[in-house]
Structure formats: structure tokens, C-alpha cells
There are 2 protein chains.
Amino acid sequence: MPKRARQAGNAVTILDVARHAGVSPMTASRVINDNPNVGEAMRERVLASVKTLGYRPNLAGRSLRTSSTARIGVLYSNPSAAYLNQFMLGILEQSSLSGSQVLIEKCSGIRSQRAATQRLLDAGVDGVILPPPLCDSAQTLQELDERQIPTIAVATGAPQEGVGSVRIDDYQGARAMTRYLLDLGHRDIGFIKGDPKHTPSALRAAAFFDTMAEAGIQVPAEHVAQGMFTYRSGLAAAAELLKRKRRPTAIFSSNDDMAAATMAVAHGMGLRVPEELTVVGFDDTPVATTVWPELTTIHQPVTAMGRTAVTLMLEEIRRNRSGRPKAQVHQVMKYTLVKRQSSAPPAR
Amino acid sequence: MPKRARQAGNAVTILDVARHAGVSPMTASRVINDNPNVGEAMRERVLASVKTLGYRPNLAGRSLRTSSTARIGVLYSNPSAAYLNQFMLGILEQSSLSGSQVLIEKCSGIRSQRAATQRLLDAGVDGVILPPPLCDSAQTLQELDERQIPTIAVATGAPQEGVGSVRIDDYQGARAMTRYLLDLGHRDIGFIKGDPKHTPSALRAAAFFDTMAEAGIQVPAEHVAQGMFTYRSGLAAAAELLKRKRRPTAIFSSNDDMAAATMAVAHGMGLRVPEELTVVGFDDTPVATTVWPELTTIHQPVTAMGRTAVTLMLEEIRRNRSGRPKAQVHQVMKYTLVKRQSSAPPAR
DNA sequence: CTGAAAGCGCTTACAG
DNA sequence: CTGAAAGCGCTTACAG
């Protein structure tokens with residue numbers, strides 16, 4: 001067989017190193033992996049060959065043999081399509097970078113949730129990431145805990161004992177937004193609450209009331225409406241707030257979908273935004289830049305949160321495999337107050 | 001120690017799939033890699049087994065064997081955030097599955113476009129995918145062509161010579177939607193055109209007018225408005241159409257953002273949708289299911305189009321590497337007419 | 001301390 | 001259209 005010269009891409013292998021150093025591939029491998037059971041003379045010869053040949057281990061070969069590809073499950077129920085897209089983008093980016101694999105399962109009811117979890121476990125996942133609203137499902141969390149599966153809850157308002165989490169500080173975010181409205185000069189500020197089943201809802205509302213109280217403002221009941229985070233519920237809530245006798249000059253909606261609905265209602269009543277009514281949201285989902293005027297809102301780095309969830313998960317899995325104890329990392333990401341065209345000082 | 005069926009990390013391999021499907025590992029491999037040389041029956045059996053067992057290829061094994069990681073560039077300018085998220089999801093899913101790398105570059109003006117292309121080339125990409133609206137940029141296409149880089153244009157209305165494409169049939173989609181409105185009983189149908197710089201705009205408009213003409217209806221000029229695909233332009237266009245003396249009973253908007261704006265305007269005029277006005281869109285982006293009532297629209301399988309773009313690109317790269325001639329595949333994906341709550345027969 | 005053998009999961013190249 | 005064989009680069013498990 002004709003000897004082939006080394007082509008581009010035809011890289012130096014551990015066999016080349018071994019041959020060059022005059023040792024077996026095993027000895028070369030041991031040296032490269034810092035295994036202590038190697039004589040000093042051999043070690044030096046191998047290291048010299050590594051350097052001369054410019055050897056870099058092929059990670060595919062190594063990981064194939066050690067088979068340490070992590071499998072990460074993502075279990076979701078029914079978040080908004082926009083949110084999930086952004087989130088999965090981060091998950092896939094990071095998993096592709098780290099060479100880990102991602103399995104995605106969707107569930108609707110509680111029964112299907114059980115089945116979906118089972119499918120993930122059958123597929124051999126090493127850990128499960130839970131985007132909202134599943135991040136707060138007591139049932140799901142308990143089931144994963146019983147099976148000792150490392151779990152990371154994303155965007156929960158109430159990080160649990162024994163489960164890692166990635167989130168923003170909803171309280172501080174809502175506080176910053178309320179302060180911003182106060183600084184613009186607004187005093188009559190309406191608030192649309194989010195779905196009470198989602199843990200961030202209470203935090204956002206509490207921050208609003210606390211910050212208003214600190215400014216010496218008692219928020220009248222007629223300035224508060226209950227929403228469910230959907231556009232439809234936002235239509236009803238905004239109509240309620242805007243029909244009241246004492247109309248607010250600004251409305252702080254607990255998420256962007258409801259804020260978009262609020263703008264539609266205001267528009268319908270002939271109110272110009274932001275000249276006659278300031279409308280702000282929370283989350284900075286794609287709808288915030290779809291509507292016009294574009295929404296002032298609190299940006300959640302959803303894609304980055306996906307990346308971080310994978311990173312934390314990988315650390316936890318490694319810890320798990322090497323028998324070290326759980327770490328339960330809680331990563332709090334930075335939110336940003338994004339000022340766009342839907343907010344302005346009150347008319348006077 | 002109790003025997004566990006499948007331990008965490010003890011994953012399903014292609015051998016398991018082959019055994020389960022009763023075929024050789026090679027056939028399983030072919031199906032998984034979309035190799036066309038497989039009988040339909042075998043393909044289906046293997047795909048079923050893949051699904052049942054939850055098989056995901058081990059990238060280490062694959063890349064060890066193929067040892068040729070393809071690099072795919074994605075160059076985009078300013079599509080809507082929602083669209084890009086959906087699209088990138090498909091890109092990353094498929095690239096992760098195939099073990100290829102994805103490099104993403106954003107550009108704004110023409111100058112930055114040149115620089116972005118250069119960065120991709122410097123990074124050694126084997127091909128470039130162009131989502132809209134760059135898919136139609138003569139400048140970008142020419143520059144890539146000059147450098148002989150395999151290119152795939154996504155969602156273009158005018159597939160070019162020498163460039164692969166992934167798209168839906170915009171003409172047929174708009175035709176199907178127009179027929180649907182006619183079948184509901186609408187005769188006075190308004191139409192909002194899209195940005196004339198985007199190639200699908202003309203196709204969607206032509207299909208509308210042709211189909212109306214076939215039904216014996218001459219669309220009056222006052223029933224047509226020009227939009228730019230943005231929500232804002234939709235607000236203006238809808239206001240225009242709805243203020244005319246002879247008000248249409250239905251409005252077909254060239255995309256969802258403008259349809260959402262149309263609903264907001266209708267809502268503002270006290271018109272109930274769909275009882276007093278039917279509103280339909282095109283694309284099925286996340287906003288279609290955010291607004292209320294949810295939009296009847298033409299679904300574009302954006303995520304699947306991302307996956308397909310990667311698959312085609314990989315084939316082209318392989319062809320390129322093995323010295324075979326260019327193939328210039330044009331893949332037309334299936335659209336779906338999704339009926340939701342924004343459409344109904346005209347009131348009478 | 002050192003090495004020969006085997007195999008991780010996958011796909012190329014060949015044969016039918 | 002389908003499959004048996006071989007091997008990508010590395011390291012585990014065993015034997016000396």
C-alpha cells in the first residue's frame with residue numbers, strides 16, 4: 001500500500017505520538033491524561049513528542065470511549081410560542097457548543113406530564129430543565145426529586161430547596177419599572193396583575209405596591225385589574241381600568257402580551273400612546289417590538305437563560321457522576337429596563 | 001443491586017434501533033441521514049423505532065467516523081425577532097443533529113453586509129444560508145456567487161439561478177386563503193399588500209387578484225391598501241380600508257403583523273371580529289396566537305424550513321467536497337391554512 | 001510501571 | 001435497495 005503523505009485535516013493521532021516516542025499508545029495516553037503510573041523517563045519522551053508533533057487529542061475519539069455525552073431533557077407545557085422559541089435557542093446553542101444532547105418533551109395535562117417525564121427517563125437523560133410554567137409545578141418537581149434527577153427550574157419566582165434555578169429578580173425588575181414611571185411624573189398608575197398560579201406574578205405586584213407606597217402613594221383598588229398573562233385577559237383588564245372615572249395616566253402590565261392588548265384598547269378609545277396614556281410591559285418578548293408604538297418593558301435575557309441553564313446542568317451532571325454532592329446553584333440573571341416609544345411623561 | 005433496564009447515560013444506539021426495526025445498522029444509518037436509497041417500508045419502520053426508542057445519534061461516534069465537521073454560516077439583516085427565533089431553532093436543531101457548526105452574522109447596511117460576509121468566509125464556512133429579506137439581496141447573492149460559496153435562500157418568492165432555496169408556494173397559499181374567504185360567502189374583500197421590496201409580496205397580491213377575478217369579482221381600488229409588513233403600516237392601511245364608504249366584510253392582510261394591527265383598528269372602531277369583520281393573515285408567526293381572537297392564517301413551517309435549509313446545505317457541501325457538480329435544490333414546503341377564530345361568514 | 005486487545009457508536013467503501 | 005466488514009481515535013480492563 002502506497003504511503004500517503006499527511007494531508008490537511010489528516011491530524012496527528014496518539015499513535016503517531018507513541019511511535020515517535022517509541023512507546024505503546026497506552027503509555028502515551030497515560031502521559032497525556034496525567035496518570036501517575038508512568039516512569040519519569042517515558043513521560044519526558046512522550047511529552048517531547050507531543051510538542052514536536054503538535055499533537056492535540058481528538059475529542060470525538062475520547063468522548064466516544066469515555067461516553068460522557070450528557071443528555072439533557074427539556075420538559076415544557078404551554079408557554080407562549082415566542083418565549084419557547086427564544087429559550088430553546090439558548091438551550092441548543094449551548095448544548096451544541098458543549099457537545100451535549102437535548103431531548104424535548106411536551107406535555108399538556110398532569111397525566112401526560114407523567115408520561116413525558118417517563119419518556120425522558122427512558123431515553124436516559126441525566127437531568128431535566130423546566131421552563132415556566134412547569135418550573136413551579138409541585139407535582140413535576142416532586143416526581144423528578146423522587147427519581148433523583150438533577151433539575152433546573154427556569155424563571156420561577158420561588159426557587160425551591162433541592163432544585164437549581166435560573167431567573168431574573170422579578171421583584172427588583174418591577175420595582176425599577178415602577179420607579180421609572182414615578183420619575184416620569186406619573187402618580188395615577190394602573191396595574192394589571194398576572195396569572196396568580198405563576199410565581200412571578202405575586203413578586204411583580206408586590207414590588208409595584210411597595211414602590212408606590214414608598215413614594216407615598218396609596219394605589220386605589222379601581223386602578224388594579226386582574227389578568228391571566230394572555231392578550232385576551234389584557235383586553236378585559238385594560239377596558240376595566242380605562243373605563244373608570246379616575247383614569248390612570250399610565251398602565252403597568254405584568255407582561256407584554258397584556259400590555260399589547262392595553263395599547264389596542266387605548267387605541268380603540270381614541271387615546272394616543274404615549275401622549276395620553278403610557279403603557280409598559282414586562283419580559284420583552286417579540287410582541288414588544290411588533291406593536292406600535294414599541295413597548296417600554298423589562299428585558300429578560302431569555303436566550304442567555306437557556307444557555308445558562310445548560311451550563312449549570314452540565315456542572316451538576318458532572319458533580320453527580322463523580323459522586324460529589326449536589327450543589328443547587330441559583331443563578332440570577334440581569335434584567336434591563338428597555339425604554340421604547342410607549343412611555344412618556346403624563347400630559348398636563 | 002437491582003437490575004435497571006436502562007441507566008442514566010446508557011443510551012439507545014443505532015444498533016438498538018436497527019434491532020428494533022429488524023434491519024441492518026446501515027439501513028438505520030441511511031434513514032437517519034436522509035439518504036434517499038432506502039425503500040419506503042424500511043424507512044417508515046426505522047423512523048417508528050427511532051421515535052419509540054427516543055433515539056438520538058451519538059455525535060462523537062459520527063464525527064469520529066466522518067471527521068469532517070461542516071461549517072454553515074447564517075447571514076441575516078433585520079427580520080422580525082419572532083421569525084428569526086423560529087427559524088434559528090430549526091437551524092440549530094438540525095445542525096446539532098448532524099454535528100455541523102453554525103456561525104451567525106448580523107448585518108444592517110450594505111457596507112456592514114460586506115464585512116459580515118467577509119467574517120463568515122474568514123471563519124472558513126462551507127456555505128451560507130440567507131433568511132429573508134437577505135434571500136433577495138442581489139448584492140449579497142452576487143458576492144457569494146463570485147466566491148463560489150454554496151448558498152441557500154430561504155422564503156424567497158423568486159428563486160434564483162445557481163442558488164438553492166427553501167420556501168413555500170406563496171401564490172398557492174394566498175390563493176387558498178382567498179378561496180376560503182370566498183367560500184365563506186365574502187364578496188367585498190379588502191387586501192393589504194406587503195413591502196414591495198420583498199419578493200413574496202407580489203405573489204400574494206397576484207394570487208388574490210387572480211382568484212377574485214376567477215370568481216367574477218373585480219376588486220375595486222378602494223379595497224386595496226399598501227402596507228410594509230410592519231404592525232405600524234398595518235394600522236394605517238386598515239384605517240384606510242375601514243373608513244371607506246363601502247366597507248369590506250373581510251380583510252386579507254399579506255402578513256400576520258399587519259393583520260394583528262387590522263384587528264386592533266377594527267376593535268377600536270367598535271367592529272367585532274369575526275362577527276362584523278373577518279381578518280386573516282399570512283405566515284402564522286407567534287403573534288397570530290397572541291392576539292384575540294386568534295388569527296386565521298397561512299402557516300409557514302418556519303422551523304422545519306430551518307432544518308431543511310441545513311439538510312440541503314450539508315448535501316451541497318458534501319457534493320462540493322466530493323467534486324460532484326452543484327445541484328441547486330429548490331425545496332417547496334407545504335403551507336397549511338389554519339382556521340382560527342378571526343374568520344366567519346359575513347353578517348347579513 | 002508497561003503493553004496487547006477490545007470496543008465506544010457511527011459511517012465509508014465495497015459487494016451483492 | 002440492502003447488508004457484512006472495517007476502522008475513525010481514543011481509553012478501559014486485563015495481563016504481565
Side-chain angles (χ1 to χ4, degrees), chain A residues 1 4 6-7 9-46 50 53-71 99-101 123-124 321, chain B residues 6-7 9-46 50 53-70 96-100 314-315 318-319 321-324:
Chain A
M1 180 179 139
R4 259 194 305 160
R6 175 156 287 125
Q7 301 179 345
N10 206 350
V12 181
T13 76
I14 202 168
L15 290 178
D16 298 319
V17 173
R19 210 171 302 134
H20 187 269
V23 300
S24 77
M26 261 325 297
T27 298
S29 172
R30 287 194 182 95
V31 171
I32 288 154
N33 289 287
D34 270 334
N35 184 312
N37 293 343
V38 183
E40 198 47 42
M42 294 235 158
R43 157 162 276 117
E44 306 231 313
R45 263 197 287 158
V46 172
V50 165
L53 300 177
Y55 170 74
R56 308 295 317 261
N58 177 321
L59 295 175
R62 176 179 288 173
S63 99
L64 182 55
R65 186 64 249 216
T66 56
S67 84
S68 59
T69 313
R71 306 194 144 193
S100 52
Q101 292 186 336
R321 282 184 177 164
Chain B
R6 193 181 306 285
Q7 300 184 345
N10 204 352
V12 182
T13 76
I14 203 169
L15 292 179
D16 298 320
V17 172
R19 211 172 300 134
H20 187 271
V23 301
S24 76
M26 261 325 296
T27 299
S29 172
R30 288 195 181 95
V31 171
I32 288 153
N33 290 287
D34 269 333
N35 183 313
N37 291 343
V38 182
E40 198 47 41
M42 295 236 154
R43 160 162 274 120
E44 305 230 313
R45 262 195 289 159
V46 171
V50 164
L53 300 177
Y55 169 74
R56 311 292 318 256
N58 178 319
L59 265 32
R62 175 178 289 172
S63 96
L64 181 55
R65 184 65 249 218
T66 57
S67 83
S68 62
T69 315
S96 135
L97 227 72
S98 61
S100 50
L314 254 24
E315 281 170 14
R318 230 166 275 167
R319 232 177 263 119
R321 283 184 178 163
S322 61
R324 282 172 287 167

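Everything numeric in this text was worked out from a predicted model, so none of it was measured. Lettering of chains follows the sequences in order, A, B, ..., and the numbering in each one begins at 1.
The CG atom of B:Leu64 sits 18 Å away from the P atom of D:dA6 (whole-angstrom rounding). Taking atom CD of B:Glu40 as the reference point, atom C1' of D:dT2 lies 15 Å away to the nearest angstrom.
Contact check for A:Val17 versus A:Thr13: no side-chain heavy atoms found under the 4.5 Å cut-off. Between A:Leu53 and A:His20, some side-chain heavy-atom pair lies under the 4.5 Å cut-off. Within the 4.5 Å cutoff, the side chain of A:Tyr55 has no heavy atoms near those of the A:Asp16 side chain.
Residue B:Thr27 places no side-chain N or O under 4.0 Å from the OP1 or OP2 atom of D:dT2. Residue A:Ser24 has no polar side-chain atom (N or O) positioned under 4.0 Å from OP1 or OP2 of C:dT2.
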Next item on the list: Before giving the answer on side-chain contact (heavy atoms from CB on, under 4.5 Å), spell out for B:Ile32 and B:Ser29 the whole-Å C-alpha distance, their side-chain angles and the decisive distance to 0.1 Å.
Entry: CA-CA 5 Å; B:Ile32 288 153; B:Ser29 172; 5.8 Å; no
Next item on the list: Please assess A:Val23 against A:Arg45 for the test side-chain contact (heavy atoms from CB on, under 4.5 Å), listing each intermediate value before the final yes or no.
Entry: CA-CA 9 Å; A:Val23 300; A:Arg45 263 197 287 158; 4.3 Å; yes
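Distance check, rounded to the nearest 0.5 Å: CZ of B:Arg30 to CG of B:Asn37 gives 7.0 Å.
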Note to self: So if I define the base as every atom that isn't primed, P, OP1 or OP2, how would nucleotides 10-16 of chain C read as a B/S/- string at a heavy-atom cutoff under 4.0 Å?
What the structure shows: BBB----
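The base-pairing partner of D:dA15, taking Watson-Crick or G-U wobble contacts with both distances under 3.5 Å, is C:dT2.
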